[in-house]
There are 2 protein chains.
Amino acid sequence: MEIMTNSEENYIKGIYHLSQGGQHSIATSALAEKMDTKPSSVTDMIKRLSEKELLHYKKYQGVRLTEKGTAQALRVIRKHRLWEVFLVDKLGFAWDEVHDIAEQLEHIESEMLVDRLDALLNFPDFDPHGDPIPDKNGRFKTREKKLLSAMLPGSSGICVGVKDSSSQFLKFLDKHQIELGKPIEILELESFDRSMHIKIGDRKLQISHQIAANLYVKPKPE
Amino acid sequence: MEIMTNSEENYIKGIYHLSQGGQHSIATSALAEKMDTKPSSVTDMIKRLSEKELLHYKKYQGVRLTEKGTAQALRVIRKHRLWEVFLVDKLGFAWDEVHDIAEQLEHIESEMLVDRLDALLNFPDFDPHGDPIPDKNGRFKTREKKLLSAMLPGSSGICVGVKDSSSQFLKFLDKHQIELGKPIEILELESFDRSMHIKIGDRKLQISHQIAANLYVKPKPE
DNA sequence: ATAAAAATTTAGACAAATCTAAAAATATGT
DNA sequence: ACATATTTTTAGATTTGTCTAAATTTTTAT
């Protein structure tokens, strides 16, 4: 494990996320936009990261993470998502309030800290946004998509129950005005791994993947 | 609340701690030693901090924190000590393992996070080293020193019981080989606010102030 | 195929935080 | 009091990460 600055870690993470889009290599300009900075700054940074062998870089050809770079990205993402679970489960933050804080916490370096945090949180497989949390070895659990695929856009008139009936979860549903047993309509799935828009009665709202994962689909009552 | 770099916060904290020694002003060289850097670097930094009105500075006269600087120091110290409690109480670290991690966590900025962490930990008054934790307003609880003063060096043959009988605490004692009801001898009190060396039978060991505070002194059994 | 457009890199500058070496100010000893 | 020693500051350089503006390379369109 390399010594890396926060900024370097953020770039590596940014490249990782862009790579999930399926592209073979990531363009300087795409990365500049993602990192909210100028292409010239990106060029400087990727030269440094290339020297550290965290990515492959040939002038004008864009970049691709090396094994080492990917492993580093996964470590940072693991930390980010574990901290998000901590903030929601242990400190009672809402799932849409935790990103900026996790953005800071993800750079804390101590493998022991991460492992113990993981244990404290009962080795969660998904973060509060529904994104999978890589394990110590960088492996993801693939979510059973049954539930959500039954809730594809247009499938109106389905009805929800809950899998997790903790008072915390129920309070959460209440806060987001989701009532059990009422018919819902899926408006759109913004991105499978992010959030979805649903319609309940005449209210439209956005729910996270995690919430969705803890709801199950029931046939519409007669 | 000012936007400050980690480095600036560390200097402010360093000055605060040196000021606790009772000096009216802190010398450049003393601060350089504390911060493990060169006097010329300190001069540069204190100029910056002086411009931000975090400290009073006149050339060749040393520095003294302003109200604003003191408040900032206390906020960082509060965060540091709360995170130490978290690491020990929630993640099971030993009290002597947490300093470096807390040194990183103390710079995370989110007032809400700190307040919720404080609540999660049940508003602790002291950290695992026995140092007091400033509250939201920067005020310290003064520890009742009765217990420890009864355990001054030389007072051999006293005997301990516990105030906190949680299984966590008892496991902690066990780990540190402290058995209840057995006579102990105090060897030395390294610094009242840090730790003490005790002798139990023929084992010498170092215990933290926090542990000491949860033990009480009983007369030696006949 | 080649000119125009778009993307990328280079060059030079800046701010933060550090360093070394030299200069200036303060403190000390007799 | 005055020379010497110590402390502190300044001057100039370095690294990281950023910027703007100019130069270069690649892509696109006719």
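Throughout, a chain's letter reflects where its sequence line sits, starting with A, and its residues are numbered from 1. Scope of the values below: all heavy atoms of this structure, side chains included, with no hydrogens, waters or symmetry mates.
We find that CD of A:E9 is positioned 11 Å from P of D:dG17, with the value rounded to whole Å. If you measure from atom CE of A:M45 to atom P of D:dC19, you get 11 Å, rounded to the nearest angstrom. Rounding to whole angstrom units, CE of residue A:M35 and C1' of D:dG17 are separated by 12 Å. Atom CD1 in A:I46 sits roughly 12 Å away from atom C1' in C:dA7 (whole-Å rounding). As rounded to whole Å, 14 Å separates atom P of D:dG17 from atom CG of A:L31. Remark: P of C:dT18 and CG of B:N10 are 9 Å apart, rounded to the nearest angstrom. We find that CD of A:E33 is positioned 12 Å from P of C:dT8, with the value rounded to whole Å. Across the protein-nucleic acid pair, B:D36 atom CG and C:dC19 atom P stand 8 Å apart, rounded to whole Å.
Of the two residues contacting DNA chain D, namely B:S29 and A:D44, the nearest-nucleotide position lying further toward the 5' end is that of B:S29.
Side chain of A:R48, nearest nucleotide from D:dT16, C:dT8, C:dT18: D:dT16. For B:S7, counting side-chain heavy atoms from C-beta on, the closest listed nucleotide (C:dT9, D:dC19, C:dA17) is C:dA17.
The existence of a salt bridge linking A:K136 and A:E111 is confirmed by a sub-4.0 Å separation between a basic side-chain nitrogen and an acidic carboxylate oxygen. In summary, B:K38 and B:D44 do not engage in a salt bridge, as defined by a charged side-chain N under 4.0 Å from a carboxylate O.
Between D:dT10 and B:T43, no contact under 4.0 Å exists linking OP1 or OP2 to a side-chain N or O. OP1 or OP2 of C:dT10 has at least one side-chain nitrogen or oxygen of A:K47 nearer than 4.0 Å. Contact annotation: B:Y57 side-chain N/O to D:dT8 OP1/OP2 distance is not under 4.0 Å. Close to D:dG17, at under 4.0 Å from its OP1 or OP2, lies no side-chain N or O of A:T37.
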Open item on the list: So if I define the base as every atom that isn't primed, P, OP1 or OP2, how would nucleotides 20-27 of chain C read as a B/S/- string at a heavy-atom cutoff under 4.0 Å?
Closed with: BB---SS-
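A:N10 and A:E103 get closest at one heavy-atom pair: OD1-OE2, 4.4 Å. Residues A:A32 and A:P39 come closest through the heavy atom pair CB-N, 3.7 Å.
Under the salt bridge (Lys or Arg N to Asp or Glu O under 4.0 Å) test applied with A:E106, the options A:R81, A:R75, A:K13 reduce to a single match, A:K13.
To the nearest 0.5 Å, atom CD1 of residue B:I133 and atom CD1 of residue B:I77 are 11.5 Å apart.
If you check every strand for non-hydrogen atoms under 4.0 Å, A:T28 touches sugar and phosphate atoms only.
Environment of CG in A:D36: sparse, with no more than 12 heavy atoms of neighbouring residues, nucleotides or ligands closer than 6.0 Å.
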